[in-house]
Amino acid sequence: MNTHIRFILFGAMCSALPLQARETDTLLIEAEQFSERGGWQVDTQFIETMGSPYLLAHGMGECVADASTSITVPGDGSYKVWARTMDWTEALEREGGAGRFSLSIGGTQVGGELGKGKGEWHWEEAGSISLKQGQTTLSLKDLSGFDGRVDAVLLSRSQGLRPPEKCLLEDRIAWKIPGAPLAVEDAGDFDLVVIGGGYGGLGAAISAARMGCKVALVQNREVLGGNGSSEVRVWAKGDLPPSEYLMADIVREISDSAQASPAAAEQFVDAKKEAVVKAEKNITLLLGHHAYGLEMKGEEIAAAKLLEVKTGKIKRVKGRLFADCTGHGFIGQWAGADLTMERKGRMGMSNMWMWKAEASPRSFREEPWMIDLSEKGFPYPQRHHAEWFWEGGFDSHPIKELEQTRDWNLLASYSAWNAIKNHGVYANRDPQEHANAKLQWLAYVGGTRETQQLIGDVVLSDADIEEKKEFPDACVLTTWSIDLHIPHPVYTKENPDRPFISKDIHRHAVDKRVGYPIPYRCFYSRNVPNLFMAGRNISVTREALGTIRVMKTIGMMGVAVGRAAAICKVHACLPRDVYRDHLDEVKTLWRMPGKQRFDSIDELRKSLGESTASTK
Ligand SMILES: Cc1cc2nc3c(=O)[nH]c(=O)nc-3n(C[C@H](O)[C@H](O)[C@H](O)COP(=O)(O)OP(=O)(O)OC[C@H]3O[C@@H](n4cnc5c(N)ncnc54)[C@H](O)[C@@H]3O)c2cc1C
């Protein structure tokens, strides 16, 4: 039964809707809620700009298996059918329609090839079909293998209906049509709501839970780890030098020991991370839940609004404290936190890839939208890996234009692969091996490095680090060099308008055997009183971001935050008060081993009382 698709007659409500229809039957089917997704992937990366998770046919040149779902046709009649889609190569000013697909209802194809011609998200009219009341099947067929995409399908018996132009999540709720999200479910009330399940979010959730806090961990992917997951395949770096604070323990529990980046999926230990989280009874893990907005009470965040990706359910999760571990700083942005964003010349997004030589020849189709690349345009992927320096989007907006950046990375990777497989100096380098080579993996989830920084009571700078400035709340050791990326001066000559290969510039400001301690005051917002942050969106200048952004360091930030959240709970206070009034106490917690556990805050309170007494 297609529980996710609700049907009502919505005639009377239509006057309030952007849909121009009255007394008719209309049905919205969100593609990400299809019961059988075949080879299509769920993409949640661009909800903020295009309005929804969507299905992506990421076949790397080979058509993926059909996606299908059961729908209930409300009554007999002729239905107009639209698919919300975009031509992603057209958006990059490359003609040819890379991502084509078709749509069938009850086994009959509606219209022709879809997904070609318009470089922005829109409702493409597929055609009309006569349907009988009752259950039937809706399916999507990938026709190209090159990243065709479908957000939703709309069916209507009304001749005058025009699909709505505004399609952000809040707009969809306002449509009130069958299939659009409806009532809000209560997802609970927590001491700490951590949003984002990368290393920052993992550290925060695990440590707060072990200190006795009730924690919700909200992650919009089905796996934990963020860039360190098997979806992106960045290996966790940063050293864990000796420290009086034992923040590294929990990081060791969740870290990978990958041999390369990228490498085989299992080296990024998604299952291990999930097992560590699931072992904590104080954590409610909300995988596949995307935070899309907030409810505020005065200056504080009262609740986060969540979309459960696979069901379309809208939920509200309440909390006393929140931690923005989204990497992008979305939570702070929505809460009105002070923030900064580098206007241009940021570090970009990477979609790494790997190839493999098979036993027999493999073909790869050259397409008109691919760019003509010679060996001057990109370095040969050594060891069959296209690594971190496949990076684009330096001058593009890191939120508004992120989908184009990801797509440009895909286009550049396919074009480079075409040059290796089909012609050019690289193809001729080892003709036998290249004839048998297959594109094995290309990340469709991009790894992002730099979006915006939320401002705390301290904004750590490179000068602070170089001068070894001392802070009373210094805690998490950063060890990486100041490592910033620019478009590669040599390879960029071939594609000056849209570089996709980068160069790293290192300044060795930190002795990695000792590290430099980041102050706690970089981990909470200076003007949203109940907001912590842990991850690449903390309060640092972009030069300091160059060192703090590696994942073991970020994991330790999370641990520091989780323990500070426990102090907030003990004293019913806010993150700033921890620095102002309870610094010694939080240091006591930071000194505790990672495995230290308190089942409840009362237990922790008792222990703190005892340890305070014992040091008097
Ligand atoms: C290609 C590349 C190579 C790198 N090399 C290294 C390296 O070698 N070693 C190293 O340690 N670091 C490296 N880094 C840097 C490092 O990966 C990042 O700085 C780090 O992952 C940031 O961690 P984070 O927890 O802040 O964010 P992320 O790892 O980005 O995790 C944030 C998570 O939050 C989720 N999320 C975002 N918004 C929402 C929302 N609204 N609702 C719910 N969930 C949401 C995201 O899907 C994501 O899974 C590299 C980065 C890239 C891109």
Side-chain angles (χ1 to χ4, degrees), residues 43-48 53 169 193-205 216-229 231-239 251 254-256 258 260-262 268 270 273 286-294 304-309 317 323-334 347-353 385-393 399 402 409 443 445-451 453-454 478-480 483 485 502 504 533-538 545-558 561:
D43 197 328
T44 52
Q45 296 169 92
F46 315 111
I47 298 173
E48 278 63 38
L169 261 166
V193 177
V194 177
I195 302 178
Y199 274 71
L202 285 167
L217 174 56
V218 180
Q219 162 70 341
N220 59 8
R221 306 299 305 165
E222 289 296 332
V223 295
L224 292 165
N227 287 350
S229 71
E231 293 191 319
V232 186
R233 305 193 189 182
V234 176
W235 51 5
K237 292 282 167 194
D239 289 271
V251 176
I254 57 172
S255 292
D256 64 77
S261 178
F268 297 89
D270 296 342
K273 293 182 187 103
L286 296 167
L287 281 179
H289 284 69
H290 181 81
Y292 70 91
L294 300 175
K305 297 188 266 186
L306 310 180
L307 169 77
E308 186 175 18
V309 173
V317 61
D324 187 337
C325 301
T326 61
H328 290 296
F330 282 142
I331 308 306
Q333 182 187 320
W334 300 334
M347 289 183 284
M349 177 193 245
S350 292
N351 294 76
M352 300 193 286
W353 48 278
H385 290 167
E387 299 172 41
W388 59 266
F389 47 80
W390 288 73
E391 178 175 350
I399 298 170
L402 196 62
N409 287 347
V445 180
T448 38
R449 293 181 176 81
E450 186 176 353
T451 309
Q453 308 307 133
L454 306 182
T478 186
T479 57
W480 202 250
D483 169 9
H485 298 184
S502 71
D504 51 345
M533 51 262 187
R536 63 183 177 85
N537 52 235
I538 64 162
L545 173 67
T547 160
I548 64 92
R549 67 192 180 85
V550 285
M551 288 182 283
K552 288 185 182 171
T553 308
I554 280 175
M556 291 195 285
M557 292 175 199
V561 160

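Read the numbers this way: they start at 1 and go in the same order the structure lists the ligands and their atoms.
Residues meeting the salt bridge (Lys or Arg N to Asp or Glu O under 4.0 Å) test with E308, sequence neighbours left out: K315. Partners of D239 under the salt bridge (Lys or Arg N to Asp or Glu O under 4.0 Å) rule, at least two apart in sequence or in another chain, do not exist in this structure.
In this structure, S350 and V234 have side chains that are not in contact, with every pair of non-hydrogen atoms separated by 4.5 Å or more. At a threshold of 4.5 Å between non-hydrogen side-chain atoms, the residues M557 and C325 do not count as touching. A heavy-atom distance below 4.5 Å is found between the side chains of T451 and R536. You'll find the side chain of R549 reaches within 4.5 Å of the side chain of D483, heavy atoms only.
The shortest N or O to N or O distance between W388 and ligand 1 is not below 3.5 Å. Taking distance alone, with nitrogen or oxygen atoms compared against 3.5 Å, Q219 approaches ligand 1 more closely than that limit. Geometrically, ligand 1 and K237 share a nitrogen or oxygen pair separated by less than 3.5 Å. Geometrically, ligand 1 and K552 share no nitrogen or oxygen pair separated by less than 3.5 Å. For ligand 1, the polar-atom distance check against R536 finds a nitrogen or oxygen pair separated by under 3.5 Å. By the 3.5 Å distance cut-off applied to N or O atoms, A291 is counted among the residues near ligand 1. Residue contacts with ligand 1: E48 is placed with no nitrogen or oxygen under 3.5 Å of a nitrogen or oxygen of the ligand (distance criterion only).
Pairing each heavy atom of K273 with each of L202, the nearest pair is CD-CD1, 3.9 Å. Contact record, E387 with S261: CG-O, 3.7 Å, taken as the closest heavy-atom pair.
In terms of protein heavy-atom proximity, atom 47 (O) of ligand 1 is closest to N220 OD1, 2.7 Å. Residue, atom and distance of the protein heavy atom nearest to atom 25 (O) of ligand 1 are G200 N, 3.3 Å. When only non-hydrogen protein atoms are considered, atom 30 (O) of ligand 1 lies nearest to N227 OD1, 3.9 Å. Atom 27 (O) of ligand 1 has its closest protein heavy atom at G327 CA, 4.0 Å. Protein heavy atom in closest approach to atom 10 (C) of ligand 1: W235 O, 3.3 Å. Looking only at heavy atoms of the protein, atom 22 (C) of ligand 1 is closest to I554 CD1, 3.5 Å. Of all protein heavy atoms, the one lying nearest to atom 2 (C) of ligand 1 is R449 NH2, 3.2 Å. Among all protein heavy atoms, the one lying closest to atom 34 (O) of ligand 1 is G196 CA, 3.2 Å.
Separation of atoms CG (D504) and CZ (F389) is listed at 9.5 Å; rounding is to 0.5 Å. Expressed to the nearest 0.5 Å, how far CE of M352 lies from CZ of R233 amounts to 9.0 Å. With rounding to the nearest 0.5 angstrom, the CG atom of L454 is 10.0 Å from the CD1 atom of I538. One finds the OG1 atom of T326 at 10.5 Å from the CD atom of Q219 (value rounded to the nearest 0.5 Å). From N537, atom CG reaches atom OG1 of T448 across 10.0 Å, with rounding to the nearest 0.5 Å.
The aromatic rings of W390 and W353 sit perpendicular, their planes meeting at an angle over 60°, well past the 30° parallel limit. In this pair, H328 and F330 present their aromatic rings tilted. The plane angle is within the 30 to 60° band.
Less than 4.0 angstrom separates some heavy atom of H289 from each of these atoms of ligand 1: 43 (C). Every atom of ligand 1 is numbered from 1 in the order shown, and the set under 4.0 Å from a heavy atom of T326 is 32 (C), 34 (O), 37 (C), 38 (N), 39 (C). Near G226, with a cut-off below 4.0 Å to any heavy atom, the atoms of ligand 1 are 29 (O), 31 (O), 48 (C), 49 (O). For ligand 1, the atoms sitting less than 4.0 Å from at least one non-hydrogen atom of C325 are 32 (C), 34 (O), numbered in the order shown with element in parentheses. For ligand 1, the atoms sitting less than 4.0 Å from at least one non-hydrogen atom of G447 are 53 (C), numbered in the order shown with element in parentheses. Near S350, with a cut-off below 4.0 Å to any heavy atom, the atoms of ligand 1 are 1 (C). Each of the atoms 26 (O) of ligand 1 lies under 4.0 Å from some heavy atom of G535. Applying the 4.0 Å criterion to heavy atoms of M551 picks out, from ligand 1, the atoms 10 (C), 11 (O), 12 (N), 16 (C), 17 (O), 20 (C), 21 (O).
Residues Y292 and H290 keep their aromatic ring centres 6.0 Å or farther apart.
Contacts with ligand 1 closer than 4.0 Å are made by no heavy atom of Y292, backbone or side chain. By the criterion of a heavy-atom distance under 4.0 Å, the side chain of V234, and not its backbone, is placed next to ligand 1. Of the heavy atoms in V232, none comes closer than 4.0 Å to ligand 1.
The shortest heavy-atom distance from G201 to ligand 1 is not under 4.0 Å. At least one heavy atom of A236 sits closer than 4.0 Å to an atom of ligand 1.
With M347, R549, R221 as candidates, the residue nearest to atom 15 (C) of ligand 1 on a non-hydrogen basis is R549.
Not one N or O on the side chain of S229 forms a donor-acceptor pair closer than 3.5 Å with the backbone of L224.
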